[in-house]
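The block underneath contains the structure these notes are about, expressed in structure tokens.
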Amino acid sequence: MGGAVVDNMPPGVKAPDGGWGWAVLVGCFVITGFSYAFPKAVSVFFKELIREFDVGYSDTAWISSILLAMLYGTGPLCSVLVNKFGCRPVMIVGGLFASLGMILASFATSIIHVYFCTGVITGLGLALNFQPSLIMLNCYFSEKRPLANGLAAAGSPVALCCLSPLGQILQYQYGWRGGFLILGGMLLNCCACGALMRPLLIPKRPQELDKSTPRASEEKKPQPKKKLLDFSVFKDRGFVIYTIATSIMVLGLFVPPVFVVNYAKGLGYEDTKSALLLTILGFVDMFARPASGLIAGMKVVRPRSVYLFSFAIIFNGCTDIIGSQAKDYGGLVIFCIFFGMSYGMVGALQFEVLMALVGTEKFSSAIGLVLLMEAMAVLVGPPGAGRLLDATHQYMYVFLLAGCEVTLSAIVITLGNFLCIKRKKQDLEDKLEMAVTAAEKEGLSCGAEGEDDNESEKDPKGKENGNVGAVKADEMITVEEMGKEGRKEE
């Protein structure tokens, strides 16, 4: 069984939409869970770290911030490594880095050591797993891709519901050092998930095995070298609009989960009851993501997935604005239910929309550049909300700000898609129609000249008809090339 191994699916390979793709989906589910839930799960050990190293809460909070910054900010680096070496080796090395960071952190003698080991090394390892897993999921699924994205995204709330209680148990039984060591061993599962990312194979056809055939000689011609980081995605209006909108969205998207527990405590409710709000939010989120994937995969909805994504963002922003007026625990419970629904929709659709915009070939570069832009917003959003809270001492203003930022991003992506993309498509259609009309007129005039010459001369018709056919062929090629260029620009 000979074949050429590929990570980014070439035109000759069709996405299986099943088969080994389900194993890839399981691996992506686990990786997504570790990547998004681990920075929050580590916060369970903060009190022990404060006591051990005699630091403040703000000092330990930098651990989660560095983890998230590495997860988002190293996107271009991950894109380069994936395009150079492929997804599987990058993920296996990333799993080793993620595990090594936590193991080294268990021997830390200062908070700076924890920053470097847990924040930088483990964060880099998780980043080297998260992005390639999404790329492979995009290669294995096409028709069922929205559902696959929804199921993979559900790994985040599931892992959060499991890792946070597990972290508390490990801290109680073994202390923070033993807990870090065991979590480091668990992260070796990322290597196993990386091993599941089997590249697709291009089966060799019998006629291609015959070296004497012209097709085989053509196939032997050197292929153009793939760019390690393709910046041409910025020429796509849809990608630029998506990047701007998601960067604005991330400013406020992660703020409510960070502050909702303290919001409840500020209203006078006990710690256990306040922490239950995050459990409610995560439980709803767990089911909202696969359901959103199912809806996005419907034939009627899928061509309009950008508008569904816009609705999810507006839903999330309005939930924040209305939730800011909550005055009791019941109001916060209702807020967490609706926020979990909208948050799950956004999580399930954000990468599905990106895949639909740029396609399989450029997705590895596009996701790296998008994550880099979002990393800046991640570092600004929650700290900015914290400063607003210090200035006003009112959680209402924090939630209002987050809601306005998220709603603004929905307006940007909706108007950008409706005005810029629609107008661009109409211009391309007009140009194509004009080209076809010109080609038909040219063909008719050439045909008339050919008939006059044939009547006056007794030469065979083949020569003149051949000229007319050549002209028509040239015109049709020009039209076809314009159509291709239009599709590339879209």
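Keep in mind that the numbers below use all heavy atoms, side chains included, and drop hydrogens, waters and symmetry copies. In this text, all values refer to a predicted model and were calculated from it rather than measured experimentally.
Using a 4.5 Å heavy-atom cutoff, the side chains of Y140 and M197 are not in contact. Proximity of L354 to F239: side-chain heavy atoms (C-beta onward) are separated by under 4.5 Å at one or more points. Side chains of P290 and L294 form no contact here, defined as non-hydrogen atoms less than 4.5 Å apart. Residues L104 and L100 have side chains in contact (heavy-atom distance under 4.5 Å, counting atoms from C-beta outward). Between T122 and C117 the shortest side-chain heavy-atom distance does not fall below 4.5 Å. Residues I313 and L253 fail the side-chain proximity criterion, which asks for heavy atoms closer than 4.5 Å. Side chains of F339 and P257 form a contact here, defined as non-hydrogen atoms less than 4.5 Å apart. In this structure, M345 and F311 have side chains that are in contact, with non-hydrogen atoms separated by less than 4.5 Å.
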Go through the steps to decide whether F29 and V158 satisfy the test side-chain contact (heavy atoms from CB on, under 4.5 Å), and finish with yes or no.
CA-CA 9 Å; F29 177 90; V158 171; 4.0 Å; yes

Should L388 and T392 be marked as a side-chain contact (heavy atoms from CB on, under 4.5 Å) after you check the CA-CA gap, both sets of side-chain angles, and the distance that decides it?
CA-CA 6 Å; L388 179 62; T392 62; 3.9 Å; yes

The test is side-chain contact (heavy atoms from CB on, under 4.5 Å); show your working for S342 and V346 and say whether it passes.
CA-CA 6 Å; S342 59; V346 172; 5.6 Å; no

Quick one: do I63 and L49 satisfy side-chain contact (heavy atoms from CB on, under 4.5 Å)? Show the steps, please.
CA-CA 11 Å; I63 299 172; L49 293 174; 3.7 Å; yes

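Between F46 and W176, a ring centre-to-centre spacing not shorter than 6.0 Å is recorded. For an aromatic pair to be called close, the ring centres must be under 6.0 Å apart, and F130 with F34 fails this. Ring centroids of F180 and F107 are separated by 6.0 Å or more, keeping the two rings apart.
Distance CE/M249 to OH/Y242: 6.5 Å, rounded to 0.5 Å. Between the CD atom in Q325 and the CE atom in M396 there is a gap of 6.0 Å [rounded to 0.5 Å]. Rounding to the nearest 0.5 Å places CZ of F38 at 9.0 Å from SG of C190. Distance check: T243 OG1 to L357 CG gives 9.0 Å after rounding to the nearest 0.5 Å. One finds the OG atom of S79 at 6.0 Å from the CD1 atom of I135 (value rounded to the nearest 0.5 Å). Distance check: L160 CG to T279 OG1 gives 8.5 Å after rounding to the nearest 0.5 Å.
Checking side-chain atoms of T407 against main-chain N and O of C404 turns up no donor-acceptor pair under 3.5 Å. Between the side chain of R237 and the main chain of G416, no donor-acceptor pair closer than 3.5 Å is present. Looking only at distances, no side-chain donor or acceptor of D320 sits under 3.5 Å from a matching main-chain atom of G317. Without hydrogens or angle criteria, S99 side chain to G95 main chain gives no donor-acceptor distance under 3.5 Å. In this structure, T414 contributes its side chain and I411 its backbone to no donor-acceptor pair below 3.5 Å. With S106 contributing its side chain and I103 its backbone, the two residues share a donor-acceptor pair below 3.5 Å. Panel note: side chain Y263, backbone S324; a donor-acceptor pair is recorded below 3.5 Å. No donor-acceptor pair closer than 3.5 Å links the side chain of S305 to the backbone N or O of V301.
Of all heavy-atom pairs between C78 and A127, the closest is SG-O, 3.4 Å. The nearest pair of heavy atoms linking G125 to N129 is O-ND2, 2.9 Å. In plain terms, the two heavy atoms of F53 and S110 that are nearest each other are CE2-N, 3.5 Å. Minimum heavy-atom separation, L77 to L124: CD2-CD1, 4.2 Å. For the residue pair M102 and G184, the shortest heavy atom distance occurs at CB-CA, 3.6 Å. Residues I92 and A195 share a closest heavy-atom pair of CG1-N, 4.2 Å.
The neighbour count for F254 CZ, taken as heavy atoms of other residues, nucleotides or ligands under 6.0 Å away, is above 12. The 12-atom threshold is not exceeded at CZ of F97, counting heavy atoms of other residues, nucleotides or ligands nearer than 6.0 Å.
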Show me the donor-acceptor pairs within less than 3.5 Å that the side chains of residues 145-155 make with the rest of the protein, sequence neighbours left out.
from	atom 1	to	atom 2	distance (Å)
R145	NE	E352	OE1	3.0
R145	NH1	N138	OD1	3.3
R145	NH2	E352	OE2	3.4
N149	ND2	R145	O	3.3
N149	ND2	E352	OE1	3.0

Please tabulate, for side-chain N and O atoms in residues 67-75, each donor-acceptor pair with protein atoms closer than 3.5 Å (sequence neighbours left out).
from	atom 1	to	atom 2	distance (Å)
T74	OG1	M70	O	2.5

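Residues passing the side-chain hydrogen bond (donor to acceptor under 3.5 Å, both in side chains) test with R177, sequence neighbours excluded: E52.
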